[in-house]
**Q** 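Take this structure first; my questions come after.
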Protein chains: 2
Amino acid sequence: MTEGSGAGTGAGAAEAVGARAKVGRPTMNDVAREAGVSQSTVSFVLNDRRDIPVAAETRERILEAARSLGYRLNRRAQELRLNRSTTLGVVSYGVASHPFAGALLAGMQTAARAAGHVCMVIDVDGHDGDEAVADLLDRGVTGIVHASAGTGPVTVNRQLGETRELFVGCWPESGGTGEGTVLPDDREGGRRAAAHLLELGHRDLAFLGGPADDFAAGERAAGLDDALRAASADPSRVVRRNGDYGSRSGYRITNELFDAGRPTALICGNDQMALGALLALHERGLRVPDDVSIVGYDDQEALADAIHPALTTVRLPHREMGLRAAELLVKPASGTPHEELVDCPLVVRESTAKPR
Amino acid sequence: MTEGSGAGTGAGAAEAVGARAKVGRPTMNDVAREAGVSQSTVSFVLNDRRDIPVAAETRERILEAARSLGYRLNRRAQELRLNRSTTLGVVSYGVASHPFAGALLAGMQTAARAAGHVCMVIDVDGHDGDEAVADLLDRGVTGIVHASAGTGPVTVNRQLGETRELFVGCWPESGGTGEGTVLPDDREGGRRAAAHLLELGHRDLAFLGGPADDFAAGERAAGLDDALRAASADPSRVVRRNGDYGSRSGYRITNELFDAGRPTALICGNDQMALGALLALHERGLRVPDDVSIVGYDDQEALADAIHPALTTVRLPHREMGLRAAELLVKPASGTPHEELVDCPLVVRESTAKPR
DNA sequence: TTGAAAGCGGTACCAG
DNA sequence: CTGGTACCGCTTTCAA
C-alpha cells in the first residue's frame, strides 16, 4: 500500500510490464502474468500436481500461456530448490583410446536416462581423477562412476566425504571401492573359450595371453586352467606365451609357435591378437579353421564379426556393465558395497572347428 | 532487536547453532557463521574479489573456516544467480556403435574443459534428437553440439528458438545448420590417397568405395577423380566398385576384382574394407605391398597400425573435429554460420610400395 | 572494511 | 481453489 504505486488494477500493471522487451527465457512469473494467475498456481499446473485442485478453466489458461510463451522449465532452479540431482557424473579413464569406451558410455547413458538422469562426463587422460571428481561434486551430481574399458587400477586419491562412487571396468589403486565395482567375469570367459576348444576335441592348445602383469589376462589364464582341470587334461600340453594385446604380438608369437611346433588351436588374449595370429597363419598357407582353430576375446565390434573367417570369441559386455553401474548409482544407496561380475558369453562363429 | 532473541554475543548464537546436527553440504552461511562474519564477506573472499578490500586477518579466518568445514561451492546456485552456464550439451548419434565416437567425445571434452565447461552427453540411438535437445535446454546448457562419427544427415526437427547449435560429423536433414558444421575434408583426403598411389607409379587402380549413397564415399570418389585429372590419367583405367564399409565387402569385392583382372593397387573406402581386401589377397597368395598396394581410410586405431603389414591410410581427425566444435560453442557466437573442413592427413605405412 | 538485503527461478506451505 | 510468502545457495549493490 505504498503511495505512488498507482496500483490501479492488476491488469494495468501487467500491461505496463508486457510492454517492456522480453530478455532471456520466459519464467513461471511470465506465464503467471500472461495467464493472470499467481506464480504458485502455474507451478502446480505445470507439475501436474493433481492433489492441488485447480479449476479446469484456469489450468487451460495457464497451459495455453506457457505454450504461447514457449515456456521451458529451468532445471537448475528446480534442483536448487528441491536439493536433488538428476545428473550422473562419470569420470572416464580414456574414452578416446579404447574402442569399447563408447559401449560403456552408451550403457551408462541408457540406464541414467531411463531414470531421468543425464551423464556429465569428464575424461581424465592419464592424470588422476581428483580434480574431475571435485568439479563434478560442485555441480551436484547424484554420484560418480569411474569408468575404464581397461579392467585395471585407476588413480584417485582424495576420496571425498559422502560421495557416492562406483567403479566400472576398474578399481581404485588406493583401495576403498565406494559403493562397489562392476567388472567382467574374465575367469569364466577364459574357461569358456578353452572348454569350447576342448569339447571340439582339440588337445594341442596354445595360449597367446595378454601382458603377464595384466589383471584380465591373469583371470583368463586362470579360466584356462579351470577348463583343463575340468577336462582332466594335462596342463603341460598347452604352450603359453604372453603378448601385449596388440595385433603384431599375435602375429609374432604365432610365427614363433609354428616355427617350433604345430598346435591345432590358438586361444588369444583378445581379438587383436587373434587377428595377428590369423594374418600369420594365412601367410604360412595354413587355413582357419580347417588347419587351425582360433578363439579371440572381446568381441570387438567391427573386427570379430567382420574378418574372414568371422572370429569365435568371448564377448566383453561393456554395454551391460555400463548399464549396471548407472542403475546402481541412480537408485538409493544399498549400504553395502556391491561387487558385481558381469557374464562374458562365448560367441561361436567361424574360426573354430574340430581338429582334423 | 526482537525480544527473546537473547542476543548476547554473536559467538553465543553461533555455538547454539553449531550444536544442531549438520545435514547436507556446508554452505557459505555455515562458513560465515563459523568465521563470525557475514555471508557476503565469505563470498568476496572465496571468489578472491580483490576489488573488495577485506582485512587480511578476516580473510584468513574465512579461508580456515571453509577448509575445516570442507566447504564446496554449489555451482547450481551460482549459475542460477549469474544466469550463465558452464555446461556444453552434446547429443550423440551413436556413441556406442562407432569406434570413433570416443575420439570425437574426447576432443569436445578437452576443449570444453579448457574453457571451464563440462559436457553433458545424451546418446539418441536411432530416434530423433528433439527430446534430448529439449532436456539439455532445460538444464541450461551453453549450446548443443550434435555429434556423429558417421558424416551423414541427422534428424532434428524442432530447432528451438535461440539455441546455439552446431553439427560435427553430421548435418541436420531438415536444413539450417545453426552456428555451423565441422566436417572432415574427405574430398582432399580421397585425393591424397589416390595421388600417393599415382606418384608411386601405379596405373592399374581399383576403387573399393563405400555405399553409393554415402556422402563421405562420394567425396572420396570425387577426390580420386581430382587426383586422376591432376595426373592426366585416364579415368576409365580405374575400376570402381561400391561396398558397405564392412570388412566382408572388401573381401568379396577383392576376390571378384582379381577373378577378373589384376590391379596393382587398391583404394579402399575405409580401413575395414582394406582389411577384408588384405585377407582376400593373403588367401590368394598375393603379398602386400610386394604384389598389390592397399590404402585405407579412417586410420582406425587398433586396426590400421596393428595389422601386418601396417596400413597406409588417410586419417579421419575425429579428435580435432571434436575440439574445434566445442571451441566454437564455448566462445561467444560469431553471428555467421561457420562451415569448417578439417584436414585429413595421409599416413604412409607399410601397405603401399612402387609397383613391380 | 563489513553486513543487510534483494533477487536468480523455482517449490511448497498456509491462509483465505 | 488461489495467492502470498519463505526459502534453496549464491552474487552484488548499497549503507553503515
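A note on names: the letters A, B, ... follow the listed sequences, proteins ahead of strands, and every chain is numbered from 1.
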**Q** Before you tell me yes or no, could you show the steps for A:His146 and A:Glu165 under side chain to side chain donor-acceptor pair (under 3.5 Å), namely the whole-Å CA-CA distance, both residues' side-chain angles and the distance that decides it to 0.1 Å?
**A** CA-CA 7 Å; A:His146 295 263; A:Glu165 285 183 300; 2.8 Å; yes
**Q** Which ones in residues 49-65 of chain A lie close to DNA chain D, meaning a heavy atom under 4.0 Å from one of its atoms?
**A**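 Hits under 4.0 Å, by residue number: A:Ile52, A:Pro53, A:Val54, A:Ala55, A:Thr58.
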**Q** Whether the B:Arg59 and B:Thr41 side chains hold a donor-acceptor pair (N or O, under 3.5 Å, no angle test) is what I'd like checked.
**A**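 Side chains of B:Arg59 and B:Thr41: no pair found under 3.5 Å.
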**Q** Counting any heavy atom closer than 4.0 Å, what does A:Leu80 reach on the DNA or RNA strands: base, sugar-phosphate only, or nothing?
**A**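 Since a base atom lies under 4.0 Å of A:Leu80, the category is base.
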**Q** Can you tell me if B:Arg49 and B:Ser43 form a side-chain donor-acceptor pair at under 3.5 Å?
**A**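 No.
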**Q** For DNA chain C, what residues of residues 37-48 of chain A have any heavy atom nearer than 4.0 Å?
**A**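 Within residues 37-48 of chain A, the residues near DNA chain C are A:Gln39, A:Ser40, A:Ser43, A:Phe44, A:Asn47.
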**Q** If you measure only the distance, is there a donor-acceptor pair under 3.5 Å linking the side chains of A:Thr86 and B:Arg139?
**A**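 B:Arg139 and A:Thr86 do have a side-chain donor-acceptor pair below 3.5 Å.
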**Q** Roughly, in whole Å, what's the span from CZ in B:Arg33 to P in C:dG3?
**A**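 Going from CZ in B:Arg33 over to P in C:dG3 covers 14 Å.
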**Q** Base, sugar-phosphate, or nothing for B:Asn74, non-hydrogen atoms under 4.0 angstrom?
**A**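 Sugar-phosphate only.
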**Q** Would you kindly check whether a donor in the side chain of A:Arg76 faces an acceptor in the base of C:dG10, or vice versa, at under 3.5 angstrom?
**A**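 No, no donor-acceptor pair under 3.5 Å.
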**Q** Calculate the interatomic distance between A:Arg75 atom CZ and C:dG10 atom P; express it in whole Å.
**A**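 Result: 12 Å.
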**Q** Quick one: A:Gln78 CD to C:dT11 P, roughly how many Å, whole number?
**A**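 That distance rounds to 5 Å.
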**Q** On DNA chain D, reading 5' to 3', which nucleotide is the first and which the last to sit with an atom under 4.0 Å from a heavy atom of chain A, could you check?
**A**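 Counting from the 5' end, contacts occupy D:dC1 to D:dG9.
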